[in-house]
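Chain letters run A, B, ... following the sequence lines, proteins first and then strands; every chain starts at 1. Because only heavy atoms are used, hydrogens play no part in the values below, and waters and symmetry mates are left out as well, while side chains stay in.
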Amino acid sequence: MSNITSTSTFQSITCPACGLLCDDIHLARNHSGKLSVTQNGCQRSISFFSRAALPSSAKIKGNPVSLDEAVAHAAKLLSASKQPLFAGLGTDVNGMRSIMRLADNSGAVLDHMNTNGLMRNIQTVQNSGWQVTTLTEVRNRVDLLLIIGTDVVSVLPRFFERVVWNKESMFGQDTSQREVVYLGGRDLDISAGTSPDGRKPQALPCDVARLPEVVSVLRALVSGKKLHATEVAGIAISDLQNLSERLSKAQYSVLAWAPPALNFPHAELTVQNIADLVKTLNKTTRSSGLPLGGSDGDMSANQVCTWISGYPLRTSYARTYPEHDPYHFSTDYLLANDEADFLLWVSSFNPERTPPATNIPTVVLGHSTMSFEREPEVFIPIATPGIDHSGILFRMDNVVSLPVEQLRASELPTLSVVISAIEKAVTC
Amino acid sequence: MLTKLIGGKVYDPANKIDGQVRDIYIRDGRVVDRPRDGEPVSQEYNLNGKVVMAGAIDMHTHIGGGKVNIARMLLPEDHRGDPVAHTELCRAGCGHVIPSTLTTGYRYAEMGYTAGFEPAVLPINARQAHLEMGDTPIIDKGGYVMLGSDDFLLRMLAAKKDQNAINDYVAWTMHASQAMGIKVVNAGGISAFKFNQRMLDLDEKNSHYQITPREVLNTLSRAVYELGVPHPLHVHGNNLGVPGNVETTLNTMAGVEGYPIHLTHIQFHSYGTEGDRKFSSGAARIAEAINQRKNVSADVGQILFGQTVTASGDNMAQFRNHAAGSPHKWVCMDIECDAGCGVVPFKYKDQNFVNALQWAIGLEIFLLVDDPWRIFLTTDHPNGAPFTSYPHLIKLLMDKTFRNEMLSRISPDAQAMSTLASIDREYSLYEIAIMTRAGAAKLVGLHDRGHLGAGAGADITVYTDQPDREAMFAKPDYVFKDGELVVKDGSVVKVTWGTTHTVKPEFDRGIEREIKKYFDAYHTVNMEHVKVTDQHIADDGRGRVQVHECKGRREKAV
Ligand SMILES: [Zn+2]
């Protein structure tokens, strides 16, 4: 970018604020470097890009220090640690590459801020696998969209605009005739599921905690089993029977769920049930799963962790080689059981994602506008990928990666620069 | 700085050197004829009695991209059996069937390989493939980008667009994906599966576009030739794994109007339907056809017994075969109206009739194809077996006694269906050097690799000549990468970052307006964002991008 200090306008900018990574954003930049979305925005992108570029200083226990001092102190704390935990991990591909190197060198455990939800998907892959699809396939093929336990739009605001109610489609489908069904959840905002010609979506509400039963029943019906019950969790079996018949008749149904919304014990078994239901449908017709998520760099962190260590997140380098454990290496578990004695928390996209409360020494490499209820031992403000520096991020479907751009001049160091400095200070 | 390798027995088929004792000089990462007048030698290696070859090149290995990473995620239990600890030089990871990227680089280098080519780069996922290869140290890499089930091409074919326009689109895709070649996987079949077709034979029509695989193959093989891309169209045939597919494969060879094609993992496409179990070897017919058709080359995709995982763009075949997988879990994906993927773990068993015969079929093909310049040593890593089993495979090819002993242990019914015991051929070191070096470099289009003549990149492997060829090829004495010693006695002594090889055929940029319009109408990303830049590949000091020469635009020929 030739001149990144003057006012400017941008088109086709990629937005890292949610897993859709919409890359059609128009922006304007004023003299002070403040960005505002001028076209194709949503609530998330508007607030993401409008966060101020505040001058911000590194801090030790809340007191401003130089970057060098903060790095030296962080390195000292890391050196003294017997079991470091690197968590949060809200960063891009290159940021995560540097985290992987430091974790390998210091025997750290790796976990992302979104893994309580994400692990439900990862465990499903590890237990049974799945059949899934990507956004452009949905946009051009879906004829029946079954949404399980979420309104979608609070996770991915422009989902319907971009891949359901798009006007043109590759294979001549009349997209306005697409069927949308919300299964489970209560009082969801389902307005986005209304077709452009005003056709309302079908809603089959129930408590989210009852979804395990409801999904099991639907799967049984799709598999051709007859049930004696007449209702489950308040949903009439006849409605589910009807849904199962429409799924079997659909040419390309898509079953979508948002892992964080499935917030009940052993939700991975429900995700697995959805995945198996999709596999059953594929014996005779085509159907695909679509996990919804992908914020704060979770897909990127998981991809990089997987190719560099061989394992997905919740992986530890404590024994000099990587080990993976979806339960043991969770941030919550390690902190609750005093199994970590140092926390490195990374959140470069979102100042609201602050570290969990803990008494162990904490180093935060965070968004420059981050504030704390309790000041961490060290805070180093870092650049945000897609605003302060360029980078690469993975989209929610785990296939498409997109370049994000530097949009303004920034004095903030990138995560990889800070990590390299800490690494150097540790070895000195 | 000049390095001298003294007195090794050199096998350099590109320069017709067959075991003669030669000295080799290296300056600034390149092989040179001799020192300049008065130029001092800074380093010498006495290689008396050692075998010297160029670094080996794996021309078809799944080392980067979405499906490879899905395979990693799918199999934590397999990784646990092969943990790789951090050392002073090398970073941690894991090995066995689908190693972490770093371990992949170290282990290839430790086996004397200095380059590997990812054969299934999806245009829409090309950046990821390059990112993963970018984290694969020491070896050079590159990719073949997949076309043939992408909506844009099928749309062009359905609209009977001019071949020139198609060539432009093919070239645009190669630029955008930073590719070395074009791959077609189950031509049109990945798309057909999305329209719920479960098989697609060579002359069967995709139900939506009304286009046959034969038309796709003809058009793409011609495009690759006319663009002057050195690597012929890389073909993963239709009907992978289906008994009787030998007919499809023979028809594929016959059907491309003489344009060059490379048939990959041909073992999986060489099955007949004879015998009680309606499964038999088509190896003899396949080998005969390759021997006759000089426009055809193939790599074998040998299976070896044990656990592995199959990762393929062919989700139609993977879905069809998933029930035979073990452990029983699998992933299939439809991807961006562009391609697909399927990942199915497999355990090949020597007492299983089908697996045992697959093993024999692969070896029969190796031994019955006469010309080592047109048959290549692969296991289609990890689909037939992990790449770390290459030394074992080389021993099977070079040592008839060993091979027959192995044969005597497999399913007796499979033995009875194979002619392997009657084949006496043993590969020579010269032939191995052709298959894994000179021939591979020529096939891929690497002008300065795979040989040891002046000007070649100094990728050199030195072995101790041992009767046990598996032991010999498993642990080279020295491996030089771009003139630097990277492996000694089978262990990494220096970590470098290799080069990414690409080609950039000329094309009419006017096609980009069409592609842009198309992306804006139907896709979920901006066309510009599909393009992989040099910076995406070589960021953070990870190697560099080398653009190889294309032969220039050619008229329809042959
Ligand atoms: Zn392959």
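A ring-centre distance under 6.0 Å is found for H79(B) and Y311(A).
For chain B, the nearby part of N127(A) is the backbone; its heavy atoms alone come within less than 4.5 Å. Contact annotation for F152(B): neither backbone nor side-chain heavy atoms come within less than 4.5 Å of a heavy atom of chain A. Using a 4.5 Å cut-off between heavy atoms, I392(A) contacts chain B through its side chain alone, with no backbone atom that close. Contacts between R542(B) and chain A at a heavy-atom distance below 4.5 Å involve the side chain alone, from C-beta outward. Residue contact with chain A, scored on non-hydrogen atoms closer than 4.5 Å, involves the backbone of A339(B) exclusively. Contacts between V93(A) and chain B at a heavy-atom distance below 4.5 Å involve the side chain alone, from C-beta outward. Contact annotation for L131(B): both backbone and side-chain heavy atoms come within less than 4.5 Å of a heavy atom of chain A. Contact of D24(A) with chain B is not made at all, since no heavy-atom distance falls under 4.5 Å. Residue contact with chain A, scored on non-hydrogen atoms closer than 4.5 Å, involves the side chain of R155(B) exclusively. In this structure, the portion of T284(A) lying under 4.5 Å from any heavy atom of chain B is its backbone and not its side chain. Proximity to chain A is limited to the backbone of V84(B), based on heavy atoms less than 4.5 angstrom apart. Of the atoms belonging to H523(B), heavy atoms from both backbone and side chain fall under 4.5 Å from chain A. With a threshold of 4.5 angstrom between heavy atoms, D151(B) approaches chain A through side-chain atoms but not through N, CA, C or O. Neither the backbone nor the side chain of N315(B) comes within contact range of chain A; no heavy atoms are under 4.5 Å apart.
Residues D338(B) and E137(A) form no side-chain contact, since every pair of their non-hydrogen atoms from C-beta on lies 4.5 Å or further apart. No side-chain heavy atom of V400(A) sits under 4.5 Å from any side-chain heavy atom of R127(B). With contacts defined as side-chain heavy-atom distances shorter than 4.5 Å, the pair Y522(B)/T136(A) does not qualify. Residues L102(B) and W307(A) have side chains not in contact (no heavy-atom distance under 4.5 Å, counting atoms from C-beta outward). In this structure the side chain of R395(A) reaches within 4.5 angstrom of the side chain of T524(B), judged on heavy atoms. Under the 4.5 Å side-chain criterion, counting only non-hydrogen atoms from C-beta, E323(A) is not in contact with R80(B).
Between the side chains of D334(B) and T133(A), no donor N or O sits under 3.5 Å from an acceptor N or O. Checked by atom type, the side-chain pair S309(A)/S100(B) shows no donor-acceptor distance below 3.5 Å. Checking Q303(A) against N69(B) by side-chain atom types alone, a donor-acceptor pair falls below 3.5 Å.
Counting heavy-atom pairs closer than 4.5 Å to chain A, the top-ranked of the candidates H328(B), K194(B), H536(B) is K194(B). By number of non-hydrogen pairs under 4.5 angstrom with chain A, the leading residue of C337(B), G93(B), A85(B), A126(B) is C337(B).
Counting only residues at least two apart or in different chains, salt bridge (charged side-chain N to carboxylate O under 4.0 Å, His left out) contacts with residues 301-314 of chain A comprise D111(A)-R314(A). Evaluation of the salt bridge (charged side-chain N to carboxylate O under 4.0 Å, His left out) test over residues 519-535 of chain B, restricted to residues two or more places apart or in two chains, returns E512(B)-K531(B), K516(B)-D520(B), E528(B)-K531(B).
For a heavy-atom cut-off of 4.5 Å, chain B lies close to E168(A), S169(A), M170(A), F171(A) in residues 165-173 of chain A. Chain B is approached within less than 4.5 Å, heavy atom to heavy atom, by K279(A) from residues 273-280 of chain A, ordered by number.
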ask   = Should R139(A) and E336(B) be marked as a salt bridge (Lys or Arg N to Asp or Glu O under 4.0 Å) after you check the CA-CA gap, both sets of side-chain angles, and the distance that decides it?
value = CA-CA 9 Å; R139(A) 179 177 163 101; E336(B) 294 296 275; over 6 Å; no

task = Give the intermediate values and the outcome of side-chain contact (heavy atoms from CB on, under 4.5 Å) for residues T134(A) and M333(B).
result = CA-CA 8 Å; T134(A) 66; M333(B) 285 191 80; 3.8 Å; yes

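Because its NZ or CZ atom is not both nearer than 6.0 Å to the ring centre of F195(B) and within 45° of the ring axis, R286(A) does not count as a cation-pi partner of that residue.
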